[in-house]
Amino acid sequence: MMAALRFCLIKIRSFFNNTCNPVFITVGLRLGVERYYHYFTQFGLLNKTGIDLPGEAGTIMHKMEDMKAVELATVSFGQSFQITPIQLATTASSIINGGNRITPHFAVMTSDREGTKIKKFSYPVTEHIVSEETSATMRMILEQVVEKGSGKNGYVEGARVGGKTATSQTLPRGSGRYIASFLGFAPANDPQVLALVIIHNPQGVYYGGQVAAPVVRQLFENILPYLDGKMENSM
């Protein structure tokens, strides 16, 4: 199934640049409910991330038996189901980092007053969410989104940035209320940092590539020089 997924990505990569929803719908319908649900499960989207904070919400998704053509079509381009921002960031990270789903966490270790390490924490890692090859393909596609597609406002001069825009309607339909977002990562060829900006009910222009991507660009303009210096000092 991973080979089939990579083949689909290669075939539709040119449509990623401008978020062509009809293409995503076509791909979803061709995959069918059972296979689409399999991927949704494989990516870990039906479970909580397990982050070390209380009160994490779970995904709200159609039951497989209730998914018909309309539900499958809307899910294929990212609507009619709900996931948390930390779930989105965790899943996106696993797809671009080589295929390892790492449990997000804040705690690294405990130490005493003198700074002596008492305990180092470890967290579950699920390997092979996607293959290394598929992960590399996704990094390449998402870098093109920023280079010449809908995410170009997330581009940082002199850096390799990948990312994806999103613009979704909120209920009720036709209310004129939207959620604009952009998820970016850098460096695109060897991701070290990921940022997700979500803007609820933007006024006027409401597309993720126009209102959320610039915020990620500003974040990266401050983060990447620091990251470069830290990496140089560790060598």
Side-chain angles (χ1 to χ4, degrees), residues 1-28 30-31 36 39 42-43 45 75-79 83 85 88-101 129-168 179-199 205-225 227-228:
M1 282 193 175
M2 288 187 180
L5 175 61
R6 182 173 181 272
F7 176 77
C8 286
L9 292 173
I10 292 173
K11 294 292 287 185
I12 67 172
R13 62 185 178 183
S14 61
F15 298 102
F16 264 76
N17 290 347
N18 297 301
T19 310
C20 185
N21 286 343
V23 172
F24 292 124
I25 292 171
T26 300
V27 171
R30 287 183 178 180
L31 286 173
Y36 197 96
Y39 284 131
Q42 178 177 316
F43 295 160
L45 287 163
V75 166
S76 296
F77 63 86
Q79 296 200 32
I83 61 174
L88 176 57
T90 301
T91 305
S93 295
S94 69
I95 291 172
I96 63 173
N97 73 6
N100 299 315
R101 184 180 172 90
I129 297 299
V130 295
S131 68
E132 288 272 5
E133 194 175 16
T134 295
S135 183
T137 300
M138 282 302 305
R139 291 195 297 270
M140 177 269 293
I141 291 173
L142 295 173
E143 185 175 10
Q144 290 182 354
V145 171
V146 175
E147 284 185 352
K148 53 187 178 183
S150 60
K152 60 186 178 182
N153 287 325
Y155 175 75
V156 176
E157 186 71 31
R160 296 181 64 176
V161 178
K164 186 68 186 75
T165 61
T167 308
S168 60
I179 299 174
S181 62
F182 181 75
L183 184 147
F185 60 92
N189 59 317
D190 181 24
Q192 300 295 317
V193 60
L194 180 143
L196 172 61
V197 169
I198 302 171
I199 300 177
V205 177
Y206 54 82
Y207 294 109
Q210 294 177 284
V211 298
V215 181
V216 172
R217 183 190 68 237
Q218 292 172 9
L219 289 172
F220 282 173
E221 286 174 343
N222 287 278
I223 293 171
L224 294 180
L227 184 65
D228 289 341

Problem - Exam field: side chain Ser135 to backbone Gly98, donor-acceptor pair closer than 3.5 Å - result: yes
Handout entry: Where Gln210 and Val205 come nearest, the two heavy atoms and their spacing
Key = OE1-CG1, 3.3 Å
Practice task
Report yes or no: does Asn97 contribute a side-chain atom to a donor-acceptor pair with the main-chain N or O of Gly99 at less than 3.5 Å?
Solution key: yes
Handout entry: salt bridge (Lys or Arg N to Asp or Glu O under 4.0 Å) contacts touching residues 144-167 (sequence neighbours left out)
Key = Glu143-Arg160
Completion exercise
On a heavy-atom basis, the closest approach of Ser93 and Leu194 is OG-CD1, 3.6 Å
Problem - Contact summary for Gln42 and Ile129, nearest pair of heavy atoms - result: NE2-O, 2.6 Å
Exercise for the section: Give a yes or no on whether the backbone of Val130 and the side-chain of Thr134 come within a donor-acceptor separation of less than 3.5 Å. Expected result: no
Completion exercise
In short, Ala89 meets Leu183 closest at the heavy-atom pair CA-CD1, 4.3 Å
Handout entry: Whether Thr165 side chain and Gly208 backbone form a donor-acceptor pair below 3.5 Å
Key = no
Handout entry: Distance in Å, Ile198 CD1 paired with Phe182 CZ, rounded so as to fall on 0.5 Å steps
Key = 13.0 Å
Exercise for the section: Taking the side chain as every heavy atom from C-beta outward, state whether Phe185 and Ile96 have any atom pair closer than 4.5 Å. Expected result: yes
Practice task
Please confirm whether the backbone N or O of Thr91 pairs with a side-chain atom of Ser94, one donor and one acceptor, at under 3.5 Å?
Solution key: yes
Exercise for the section: Give the intermediate values and the outcome of side-chain contact (heavy atoms from CB on, under 4.5 Å) for residues Val161 and Val216. Expected result: CA-CA 10 Å; Val161 178; Val216 172; 5.7 Å; no
Practice task
Taking ring-ring contact (aromatic ring centres under 6.0 Å, His included) as the test, write out the residues that go with Phe220, two or more places apart.
Solution key: none
Problem - Flag, side chain of Asn21 to backbone of Phe77, donor-acceptor distance under 3.5 Å - result: no
Problem - Nearest-0.5 Å distance that lies between atom OG1 in Thr137 and atom CG in Leu142 - result: 10.5 Å
Problem - Leu31 vs Tyr39, side-chain contact (heavy atoms from CB on, under 4.5 Å): CA-CA, chis, key distance, verdict - result: CA-CA 10 Å; Leu31 286 173; Tyr39 284 131; 4.2 Å; yes
Handout entry: Derivation of the side chain to side chain donor-acceptor pair (under 3.5 Å) call for Arg30 and Thr26
Key = CA-CA 6 Å; Arg30 287 183 178 180; Thr26 300; over 6 Å; no
Practice task
State, with a plain yes or no, whether a side-chain heavy atom of Ile199 is found less than 4.5 Å away from one of Tyr206.
Solution key: no
Handout entry: Considering all heavy atoms, the nearest Gln79-Thr167 contact
Key = NE2-O, 4.0 Å
Fill in the blank from the handout: Between Gly209 and Ala213 the two heavy atoms that sit nearest each other are O-CB, 3.4 Å
Completion exercise
Distance col, row Ile83:CD1 vs Leu88:CG, nearest 0.5 angstrom, shows 4.5 Å
Exercise for the section: Answer whether the closest heavy-atom distance between the side chains of Ser150 and Val145 falls below 4.5 Å. Expected result: yes
Practice task
Starting from the C-alpha separation in whole Å, work towards a yes-or-no answer on side-chain contact (heavy atoms from CB on, under 4.5 Å) for Leu219 and Val197.
Solution key: CA-CA 10 Å; Leu219 289 172; Val197 169; 4.2 Å; yes
